[in-house]
Amino acid sequence: MSLTHYLVLAAILFAIGATTVLLRRNAIIVFMGVELMLNSTNLLLVTFSRFHGNLSGQVLAFFVMVVAAAEVVVGLAIIVTIFRTRRSASVDDVNLLKS
Amino acid sequence: MSGFIAPEIAWGPLVPVLVVLLAAVLGVLVEAFVPDARRRAVQLTLTLASLAGALLAVAALWSGVEETGGTDVLGGSLVVDGPTLVLQATIALLALLSTLIFADRFAGGEDAFAPSAAAVPGSDYEEIARRKGLRQTEVYPLLLFATGGMMLFPATTDLLTLFVALEVLSLPLYLLCGMGRRRRLLSQEASMKYFLLGAFVSAIMLFGIALLYGYSGSLRYADIAVATATPNGLEGLLVVGALLLLAGLFFKIGAVPFHMWTPDVYQGAPTPVTGFMAACTKVAAFGALLRVVYGMLPGMAWDLDVVLWTVAILTMVVGTVAALVQTDVKRLLAYSSIAHAGFVLTGIVALDDAGITAVLFYLLAYGATTVGAFGLIALVREQGTGDDDVPAVLGEATRLSQWAGLGRTHPVLAVTFTLFLLSFAGIPLTAGFVGKFAVFTAAVEGGAWQLALVGVLASAAAAFFYVRIIVLMFFTEVPEAPVTAGTGTGVAPAAVAGSTPVVHGATGQQASVATAEPVTTERAPATTVVAGEGLTVVAVVVCAVLTVVLGVAPSPVLDAIASVAVLLP
Amino acid sequence: MSNFPWLTALVVLPILGAAAMWLLPAGARPRTRVVALGFALVEVLLVVGAFLAFDTGAAATHQLLDTAPWIPALGVSWALGVDGVGLALIAMSVVLVAVVVLAAWREQGSVDGPTDRLRHYLALVLLLEAFIVLVFAARDVFLFYVVFEAMLIPVYFMIGAFGGAQRRYAAVKFLLYSLAGGLVMLVGVIALYLQGPGGPEGFLIENLVGLDMDPTVEKWIFASFFLAFAIKAPMFPVHTWLPDAAQQAPAGTSTLLVGVLDKVGTFGMLTLCLPLFPAASRWAAPAIIVLAVVSVLYGALLAIGQKDMMRLVAYTSVSHFGFIVLGIFAFTSTSIAGSSFYMVNHGLSTGALFLLVGFLAARRGSQQIVDFGGLQKVVPVLAGLFLVVGLSALSLPGLSTFVSEFLVIVGTFARHPAAAIVATLGVVLAAIYVLWLYQRVFTGPVRPELAAMTDLGTRERWVVGPLVALMLVLGFLPGPALDLVRPPALESIAQLGVDDVEPTVLVAIPAGTEGSDQ
Amino acid sequence: MSNPYVPLLVMIGIAAVLALGGVGASAILGPKRYNRAKLEAYECGIEPTPHAIGGGRFPIKYYLVAMTFIIFDIEVVFLYPWAVSFTELATFGLVSILVFLLVITVPFVYEWKRGGLEWD
Amino acid sequence: MSVLPTVLAALPTAVGDGAVAPVTADFSQDVFWVWLLKAVGIIVFLLTSVLIAIWFERRVVGRMQLRPGPNVHGPFGLLQSLADAMKLLVKEDVTVKAADKLVYILAPMIAVLCSLLVYAVIPFGPEVNMFGVITPLQLTDFSVAVLYILACAAVGVYGIVLGGWSSNSTYPLLGGVRSTAQVISYELAMGLSLVSVFIMAGSMSTSQIVDSQTQIWWFLPLLPAFVIYVISMVGETNRLPFDLPEAEGELVGGYTTEYSSMKFAWFFLAEYINMLNVSAVATTLFFGGWRAPWPISAINDGMFNTGWWPFLWFVAKVWLFMFVFVWIRGSVLRFRYDQFMKIGWKVLIPAALVWVVCVTLVQAARQLWDVDLRTLLFTLAGVVLVGLVISFLVPEKKPPAEEEPTGPKEFDPFAGGYPVPPLPGQVLPPSPRAQRRLAAAEAAGPSGPETPLEVRGG
């Protein structure tokens, strides 16, 4: 497997995640799309880390995990609050602010 | 034993950030251990003290940096140089002012935040929490965490730290947005939108970071800058990576095409948070952008120029045009903030030292004005009837129509708001003008006179909607019938119980004598002004003074900034 | 007293006045008018002092200098100084302000009613006065620009808060027009700075005169400046804000707006455009002259067709400003001197006209011409003064306006005879609008509802009297005034780098001698 | 040294075959005598309400546990590499990690004190 | 706090450099058939062990409860589990109508797959000669083997939670959620307890950890960590007293409610394999792995630590832990859910944290600051002593003020709209007739009729 394979895989995953974010309407699923994007980035980072032979990429991947976790916490808190209020996690139902 | 060498840490330059973050951590402990009744006082003291401490620390570092030009700390993850200090001081100052607005309590001892943000709006539990006078004091540590992140953000010279700082500043903001006491649904919605979009964009930005790392093999700006000088066949990674990274930063500053969240979030978030966010986030993000553009990507300035130009022009134009049709004060200011982002971008395009000074000054001027303006908005309330038909103060009156005639009933407030609007519009003798002037000068000097021209035209158009508010406040009669207090959402805001009479504080005195025509006052006007405990008033006054002083005698500040406005690589 | 900062004092005093008005304790508010008038009169005294300190013999050079750094980082300094033209305009403005304060006695609310609105109004007038003095005295382009823009705000409020039914529209229109022009000028200002030597005094006019600029750049910068000035001094295509503003604003505001503020535009052309961009000025002059002539005729023609007196007067101003611009861009010392003098006279004449119309409107409750008729017998003093002032608008010999208009036409003729001849048509048209207006309002049978109209009171006579007196004095004795404006005109010609063309018709007005050109 | 992860793949392959095979075998071997009641969800004979998917609710506390877990999981994740290279990182690493632990403990204390860990 | 990024940035460098030879065991001679052999061997071992474990559990519990347990099929009923398995295999496989089909089928497979994978990195013994190839008795090993184990365990939870969710039924959902909450709660304590082992061993490779226990098994010096591990391992595997996800009394069958046939069998299997897994981990990390216990290890210069012998010790140790499982099951009652979570969050995690800090400090003193053992011990003793003294000086927390022994409270039996009987501590007000009588008495007395309540209260 060459570098390109990993890059392509990461890009595909990233694209899937981004598509999920853009197309799906359920907040949780949108959020999972974001997580997928983050993880594809991790793959990329680790690949490059190996390619360049230094560890900065892996360290960053570590931090990405941390941040993703923190994001999950905050995101869940927000989504659950909305969910409890509206009994729906659909982004489409969240439209009070549409101008 | 391996070759691990413990890095030398220069603690001194870190003090401003450390003070704030430490206070934030302490704030969490305060939440845990201090009893309800005293929590607010303790938190407030802690927050104010730490922010003031950060300011002092910056002041203490100043002369050293002026001499040496700054230092690397943490092995080059951060750099504390002149721009860093200026931005940190700006952020700390604005956060300090925002804290005052955060803390202010209005009729019935209510602040701007939900008594229990986790409660379902309209539920019994919420009602109980409200009646018991519960107060969300978590906002102070959140504010401090966000501030800490913001202070780190412009100091980063390392993509890792950049990303971490970005999240540290963003996550508390997402939460703060959802804590509005009134219009809970709107507030929660804003929070969710901000969060989802923010997370999406940070993922995009992270991908960009990964690509940049892939291109250069390092996360340090300086290394990347070196790598851009020597082609290595991976230029695709570089270009795409840089674009994605910039996309993230553009999102934070609210530049077109990543601006969609701004109006919604600004409108939905509790007004004190909006002010804080609008001012401080922008300062921090522009600081980071400055460093990225100047420190990391000068090698590809040629390619970047196209992007920056396009974004700057689009931002100015779209922000201005969209603001023209807004009917909500907060939305209007949101779009205006987009336009302002465009103006600052013109300064960044200049790519020289004058540009740095100009941008730094502009951010300070814009921040002070913004915090003040949103502080004022927090004071203008709807008048309605609470339980038992007792007149009570409801949520903020943000619809423009509700501001009609405010100049007649509350002249001092209206004049102050006018001052802020004029500063936004860039009328001479206000801070906004000097900022705009400096930025445009830098842009013209940097060869981007076309940008300056677009900026000037946009300013002219922008003046229209600022003037519209002034017209509304001063030249329009007070509406006679109370505007219905509905939020337009079908969800009535939690009615305010308690028979606390409307407080006419700082402006009451003038208000009583300012009416020229004897208005028939059988029905109270739908819009009123509350004074709260005076904290907001203090903050607004400070902002107004800053706006005037920076407009009339900007010299000391400009000189001070110019004396240190050199970015270390 | 030569070291006394006359100009700074002239700026600071009205600001103090405005502050005093706003901070007036509630008990002292009934005395608002007195306080305001007091400040205005002291200001007049200060101007007299400044005149005494001014060396008329060297009117071409800037005197009463007062320079200090303001924002060195941006190259801005607080640089004040006046040449003859500036001083004359300052004097005219200060007098007009005093008159307006006096005129506004009853304008806002009755004497026993709440005086609060009046208080705000007068404070704004005083604030505006400070800006006016500053703008005429500024020797720093940035300072000039700042004041040029900042002036909009008090005027905006003076129109928008205190005017007629359509005042909001008029105020916004005024503001946006001016702001747009000003912001375009901002780009020019920035570009000019960057062309100049830079540094902490990079905006001083003397540092910017005689720059060696790229011709294209110079043309663009010139254009940006000129556009702003053209909007301010309403020239033909960009004048449309003026009639609305003048119609809707209270008479006092209109007086200041047209009488003083618009002069800033022509003053700017004279003191900034010509010396800073001589080449571009020369390049643009033909087009501008055409525009100016069009302004003259267009303004006059529209004035004839107006039904609203305020609008009518506003259009006459468009016409007059056409003359002024014409004179400036004819590039002869005679015409430039004439234009300079014209600015002063126009302030007096049009100001008086606005005030008189204001008195009429206040009495009748309407500004429409059709609502009047036969007032000559009812209010003879008013009618008489109106006639004199009206005649000054059509430049009747013996009144100061004649001198200036004559100089302009003569001076222009020397270089552009065609333009001068066409512009002369404007004088004929002026006769039509003035006399026809007079005829419709004051002659004919007395309308019954007007029979009870009262004539001018003492205060009102004091309002118009001094202006008419000044016009007469300057009309018969223009010498001292011309002494003030002529040397700067020669200086301008020198800076422009064109050869002065002596008027070939009639007599040249010998400088320093008393006028004998009736 | 061969890649230590290849044997893992072998293991995963065998285990997957087993897991699939078991279910497949039972599907083939078992009888298929369905009726409507048998296919209903088990709810002590009551019509299941509400549906678990979409309408299913469980106490908010579970979310809280999840969130807290994530924070601590991160803590553990950071502790492991440090623990492994404890000696190399020496005092500097020690102090850092102690500060880190302290910072993580603060929200834990907060949550504890504010009742986030109570089940009632 | 901002020091952290740097430290962590430096970490992997250190890890990378330090881990040039991350694994003690030498797999260099392994070839494909060896792997295949080992993998199949492991799976066979696990399946057999599970069959035995089920029998073992039932027998032991039976013995504890003074009954025989299974004793019909085969000698000592040994074939009982086999019979059960066969029955499950040929049972009807019901897929409930409302279920999310794919996930429903996938869930048990995930559970069983993940549980099977853990043993891949467990060392059964040192190097042996396997048909001419010298290879360790371990499928594979790498520098983050323990992390891999935790990962497998964590993914295994997906099986449970997805199974609960996809059944689309209330009880399974609650069971799944409970199980998740439980597993993640106890995983933290477990993870933290392992940290001290890593500090001591300086590695996360299983073979190296075993290697590091040549001198002493870690459960002795790290006793608190070991205790925490044992408690949390019971919680991890959903075993009594922590078997709340499948608490029959509350949730019918928990997440397995809607499962039958082999799908149910896989969940069942997974649970037992997980028991074996955690036992094996406990053995490896704390009990010296395949090392022979002390007196035996000394025999003949460690002869019993070579060849195939260690396999025996390893299996014995694993079964020791299995016995503990059963023993606990036989003697302890199921916890209430709140108690259970309280133990996890408020006892185990803080304790684990404190222990990590203690170990860190002591290790640092020994390795980094060159404090000699005696000083260290004395210091520790001093600290403990001081702590004790202080604990004596601190005034005991006053017991919560005893509630005034008030008399039984009166209550309104009709408050809810219909009459209810009084609960203990409550008393009915006097009947209307009694009230009238009381009132009459009051009227006669000096205090007047308007204070009947006071009188009654007194």
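Not measured: the values here are computed from a predicted model. These numbers come from the heavy atoms of this one structure, side chains and all, not from hydrogens, waters or symmetry mates. Letters A, B, ... are given to chains in the order of the sequence lines, protein chains preceding strands, and every chain is numbered from 1.
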Checking [X] against chain D: side chain, backbone, both or neither under 4.5 Å from a heavy atom?
X: E:Val359; result: neither
X: E:Lys91; result: backbone
X: E:Val195; result: both
X: E:Ile110; result: neither
X: E:Ile349; result: side chain
X: E:Leu106; result: neither
X: E:Gln363; result: both
X: E:Trp266; result: side chain
X: E:Leu46; result: neither

Between E:Tyr337 and D:Tyr62, what is the ring plane arrangement, given parallel below 30°, perpendicular above 60°, and tilted in between? tilted

For the residue pair D:Phe108 and E:Trp345, does the interplanar ring angle fall in the parallel (under 30°), tilted (30 to 60°) or perpendicular (over 60°) class?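 If you compare the ring of D:Phe108 with that of E:Trp345, the planes turn out tilted.
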
Report the C-alpha separation of E:Thr135 and E:Lys38 in whole Å, then their side-chain angles, then the decisive distance to 0.1 Å, and conclude whether the side-chain hydrogen bond (donor to acceptor under 3.5 Å, both in side chains) test is met. CA-CA 10 Å; E:Thr135 177; E:Lys38 284 181 184 172; 2.7 Å; yes

Under 6.0 Å between ring centres, would you say that holds for D:Phe86 and E:Phe198? no

E:Phe340-E:Tyr186 aromatic ring centre distance below 6.0 Å: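 So the answer is yes for these two rings.
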
Check each atom of [X] against the heavy atoms of chain E and say whether the ones under 4.5 Å are side chain, backbone, both or neither.
X: D:Ile70; value: neither
X: D:Ile104; value: neither
X: D:Leu98; value: side chain
X: D:Leu101; value: side chain
X: D:Glu75; value: side chain

Selection from D:Ala16, D:Ala83, D:Ala25 maximising heavy-atom pairs under 4.5 Å formed with chain E: D:Ala83

Taking every non-hydrogen pair under 4.5 Å, which of D:Val76, D:Val23, D:Ile12, D:Asp73 racks up the most with chain E? D:Val23

Within the structure provided, determine whether D:Trp82 and D:Leu79 are in side-chain contact (heavy-atom separation under 4.5 Å). yes

With side chains defined as the heavy atoms from C-beta onward, is the minimum distance between E:Val161 and E:Ser179 less than 4.5 Å? no

Which one, [options], leads in non-hydrogen pairs under 4.5 Å with chain D?
options: E:Thr360, E:Leu361, E:Leu113, E:Ile43; value: E:Thr360
options: E:Ile184, E:Leu192, E:Ile199; value: E:Ile184
options: E:Val112, E:Val121, E:Leu117; value: E:Leu117
options: E:Val144, E:Leu139, E:Leu194, E:Leu147; value: E:Leu139
options: E:Ala120, E:Gly202, E:Ala201; value: E:Gly202

Taking all atoms of both residues into account, what is the closest heavy-atom pair of D:Ala15 and E:Leu116, and its distance? CB-CD1, 3.8 Å

The test is side-chain contact (heavy atoms from CB on, under 4.5 Å); show your working for E:Lys263 and E:Tyr104 and say whether it passes. CA-CA 9 Å; E:Lys263 293 210 277 285; E:Tyr104 180 78; 3.5 Å; yes

Go through the steps to decide whether D:Leu89 and D:Leu94 satisfy the test side-chain contact (heavy atoms from CB on, under 4.5 Å), and finish with yes or no. CA-CA 7 Å; D:Leu89 293 179; D:Leu94 176 76; over 6 Å; no

Begin with the C-alpha distance, continue with both residues' side-chain angles, and end with the deciding distance and a verdict on side-chain contact (heavy atoms from CB on, under 4.5 Å) for E:Ser261 and E:Leu88. CA-CA 5 Å; E:Ser261 181; E:Leu88 280 172; 5.8 Å; no

How about D:Arg114: does its CZ atom have over 12 heavy atoms from other parts shown lying under 6.0 Å from it?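 Above 12, so yes.
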
Candidate pair D:Val6 and E:Phe32, rule side-chain contact (heavy atoms from CB on, under 4.5 Å), full reasoning: CA-CA 9 Å; D:Val6 179; E:Phe32 185 75; 5.9 Å; no

